[in-house]
Amino acid sequence: MSSIDYSEKIPNNVNLSDDRRLQRALEKWQPAFLNWWGDMGPEASCDHEVFLRTAVDVSPKGWAQFDMVKMPEYRWGIFLADQEADRKINFGIHKGEKAWQEVPGEYRSELRRLIVTQGDTEPASVEQQRLLGMSCPSLYDLRSLFQVNVEEGRHLWAMVYLLHAYFGRDGREEADELLLRHSGDEDKPRILEAFNVPTEDWLSFFMFTFFQDRDGKFQLSSLAESGFDPLSRTCRFMLTEEAHHMFVGETGVGRVVERSAQLSQQHDTLDIAPYGGIPLPMIQKWMNFHFSICLDLFGQETSTNAANFYSMGLKGRYLETKIDDDHALGNDMFHVPELNGDNVIMAEAPALTAINERLRNDYRDDCQRGVDRWNKIIAKAGADYTLTLPHTAFHRNIGTFQGMHFTPEGKPISKAEFDTNRETWMPSEADREFVKSLMVRVSERGQMANWVAPPSRGIHGQDVDYEYVKLH
Ligand code: BYC
């Protein structure tokens with residue numbers, strides 16, 4: 001277990017002080033990062049003191065430290081999971097060879113592209129969420145937002161370290177670009193589409209941390225399998241942070257669902273808008289939107305890029321080493337969906353090209369488990385409603401179903417029919433305005449907005465009404 005050296009300007013557990021050139025390059029990037037945080041990070045938050053956890057070592061339990069911290073003083077740094085002795089490449093054409101400690105020259109550009117795509121999402125999410133603090137439902141939630149934000153900032157550091165340490169000059173240029181693209185910017189947008197959509201209300205934030213951060217979990221898990229050991233070690237540590245973000249999402253949506261179900265039960269109607277709650281059918285619309293844009297994040301159903309990343313040993317499958325096959329996929333087949341007449345059917349494709357689809361399936365199953373838990377909350381409150389994940393063909397912009405139109409149940413329909421129903425299936429402007437109208441900042445200690453139930457417990461042994469953020 002390695003601990004982190006906090007005495008350095010850039011906290012790290014990679015002996016940064018032994019490599020003066022790298023240290024100087026990263027110290028040059030640091031002020032640009034802090035400027036970016038000031039400009040694009042959480043609005044008007046620099047003076048708040050926030051009850052934040054900081055990693056003190058990189059073991060899964062290394063989360064000992066909780067303190068009141070001003071966010072610009074958060075100790076962003078470079079933390080890799082401990083090196084495994086004799087780690088091997090576990091899949092693809094190099095299976096069985098020693099894991100790479102340096103970038104394999106022939107795969108340099110593919111590897112850089114994967115790291116840049118991953119890195120681009122991290123600051124993007126901070127940008128997307130930058131105004132949310134102004135409408136928080138409680139100090140507890142405000143703290144969760146800020147914790148997520150500072151950790152996304154650290155995930156950016158993680159990818160920037162890889163670019164600086166292993167890719168020389170073009171890596172440094174890519175690291176600079178990560179601060180120059182911005183979410184939703186017309187000229188220089190973020191790379192993946194779902195990261196250009198603003199997160200304007202807290203229901204969207206909770207959906208984001210449930211659905212979009214879960215894409216992070218599955219992508220990082222696949223990259224954690226990488227034969228390029230520094231990437232694997234970086235992602236393994238990031239995953240421990242990512243788990244908390246999904247906790248924020250699952251409990252966040254769960255608490256909204258709980259409150260909405262209570263109000264529905266109490267007033268014997270699903271139309272709880274007049275009582276200041278978010279109707280369950282409206283929550284379903286938010287889910288339809290977020291789930292469908294996140295499915296796009298997995299790429300095309302069949303992809304030669306994904307096949308190449310796999311064969312090269314750069315990006316594996318979810319829990320690669322637990323899968324019982326030859327980890328080369330030379331002859332295996334996998335089911336991918338396609339439209340056949342009026343039905344979505346499952347066709348066979350070479351498993352090697354269907355890597356994205358397999359990960360999307362793993363992701364969908366994981367989402368479903370969360371939705372099942374939300375439905376239990378609804379049932380327990382005695383309300384009559386069931387939340388359902390839409391069909392994977394619904395509202396897709398990448399892959400087989402791009403340009404086609406489907407109902408949430410997966411029935412193909414015309415564009416006209418889709419347009420007519422769009423606002424019954426996904427948030428309309430009026431829905432968004434209504435939800436935003438509920439988002440009035442609640443920042444008194446122990447108070448909670450009316451549209452969300454309080455959490456069942458506080459953070460790190462503190463009460464729910466602890467002053468998690470001291471506003472200044
Ligand atoms: N948007 O061969 P295909 C996270 C492009 S989230 C726009 O299927 P591939 C986080 C694609 O680039 C995790 N373009 O693509 C969460 C390709 O372009 P070219 C982020 C897209 O490469 C919350 C073409 O379409 N990490 O950490 O197999 C908060 C053909 O597609 C999209 C990663 O994504 C799209 N959605 O798959 C904070 C991991 N999809 O070659 C953080 C790294 C595809 O024609 N990225 N295209 O120019 C990857 O592994 C892959 O790039 C993707 C795409 C899975 C995203």
Side-chain angles (χ1 to χ4, degrees), residues 109-130 132 145 147-159 162 174 178 181 183 189-197 199 204-226 228 231-232 234-235 237-239 241-249 290 292-312 314-318 336 349 352-360 362-363 395-402:
S109 69
E110 288 82 359
L111 199 48
R112 193 185 58 206
R113 175 176 164 169
L114 282 170
I115 293 169
V116 166
T117 309
Q118 177 63 47
D120 191 70
T121 63
E122 315 290 359
S125 68
V126 176
E127 293 168 356
Q128 287 171 288
Q129 297 163 9
R130 67 185 298 264
L132 284 173
L145 169 73
Q147 181 77 54
V148 168
N149 289 161
V150 292
E151 285 173 358
E152 299 301 8
R154 209 206 62 73
H155 290 184
L156 170 61
W157 269 96
M159 293 300 124
L162 294 175
E174 291 284 11
L178 289 172
R181 284 186 293 271
S183 178
R190 291 298 176 182
I191 296 170
L192 300 173
E193 208 29 58
F195 288 88
N196 286 308
V197 178
T199 311
S204 299
F205 172 64
F206 292 142
M207 291 284 173
F208 185 104
T209 39
F210 183 85
F211 287 110
Q212 213 143 317
D213 278 277
R214 194 170 307 272
D215 171 47
K217 165 183 164 181
F218 281 87
Q219 299 293 349
L220 288 173
S221 298
S222 305
L223 294 173
E225 301 289 344
S226 183
F228 178 50
L231 175 61
S232 165
T234 299
C235 291
F237 182 63
M238 289 163 76
L239 279 163
E241 293 166 309
E242 201 68 40
H244 172 71
H245 305 182
M246 285 177 298
F247 163 84
V248 170
H290 284 269
S292 60
I293 64 169
C294 288
L295 290 177
D296 281 341
L297 290 171
F298 291 82
Q300 317 224 29
E301 285 74 3
T302 55
S303 158
T304 48
N305 284 342
N308 290 337
F309 296 151
Y310 186 82
S311 293
M312 292 168 178
L314 305 180
K315 183 182 176 194
R317 293 170 293 176
Y318 182 58
V336 295
L352 199 50
T353 63
I355 297 268
N356 286 344
E357 185 59 15
R358 179 182 177 118
L359 195 63
R360 188 172 10 247
D362 291 336
Y363 168 81
H395 186 237
R396 293 293 304 283
N397 255 318
I398 298 275
T400 309
F401 301 116
Q402 177 188 17

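Both counts, for ligands and for their atoms, begin at 1 and track the order of listing. The basis for the numbers below is simple: all heavy atoms, side chains too, and nothing from hydrogens, waters or symmetry mates. What you are looking at is a predicted structure, and each value in this text was computed from that prediction instead of being measured.
- Of all the heavy atoms in T302 and A349, the pair that sits closest is CG2-CB, 3.8 Å.
- Stacking of R214 on the aromatic ring of F210 is recorded, both the 6.0 Å distance cut-off and the 45° axial limit being met.
- Partners of E225 according to the side-chain hydrogen bond (donor to acceptor under 3.5 Å, both in side chains) rule, which considers only residues two or more places apart in sequence or in another chain, do not exist here.
- A donor-acceptor pair shorter than 3.5 Å can be found between the side chains of E151 and H245.
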List, for ligand 1, each N/O atom that has a protein N/O partner under 3.5 Å away, with both atom names and the distance.
| residue | atom | partner | partner atom | Å |
| --- | --- | --- | --- | --- |
| ligand 1 | 2 (O) | S303 | OG | 2.7 |
| ligand 1 | 2 (O) | N305 | ND2 | 3.2 |
| ligand 1 | 8 (O) | Q300 | N | 2.6 |
| ligand 1 | 8 (O) | N356 | ND2 | 3.3 |
| ligand 1 | 12 (O) | R113 | NH2 | 3.1 |
| ligand 1 | 22 (O) | N305 | ND2 | 3.3 |
| ligand 1 | 26 (N) | Q118 | OE1 | 2.6 |
| ligand 1 | 27 (O) | Q118 | NE2 | 2.7 |
| ligand 1 | 27 (O) | T121 | OG1 | 3.4 |
| ligand 1 | 28 (O) | S303 | OG | 2.9 |
| ligand 1 | 28 (O) | N356 | ND2 | 2.9 |
| ligand 1 | 36 (N) | D296 | O | 3.1 |
| ligand 1 | 41 (O) | R113 | NH2 | 3.2 |
| ligand 1 | 41 (O) | N305 | ND2 | 3.2 |
| ligand 1 | 50 (O) | K315 | NZ | 2.6 |

Q | Residues E241, H155; criterion side chain to side chain donor-acceptor pair (under 3.5 Å); working and verdict | A | CA-CA 9 Å; E241 293 166 309; H155 290 184; 2.8 Å; yes
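- Look at E127 and R130 and you find no salt bridge, because none of the NZ, NE, NH1 or NH2 atoms lies under 4.0 Å from a carboxylate O.
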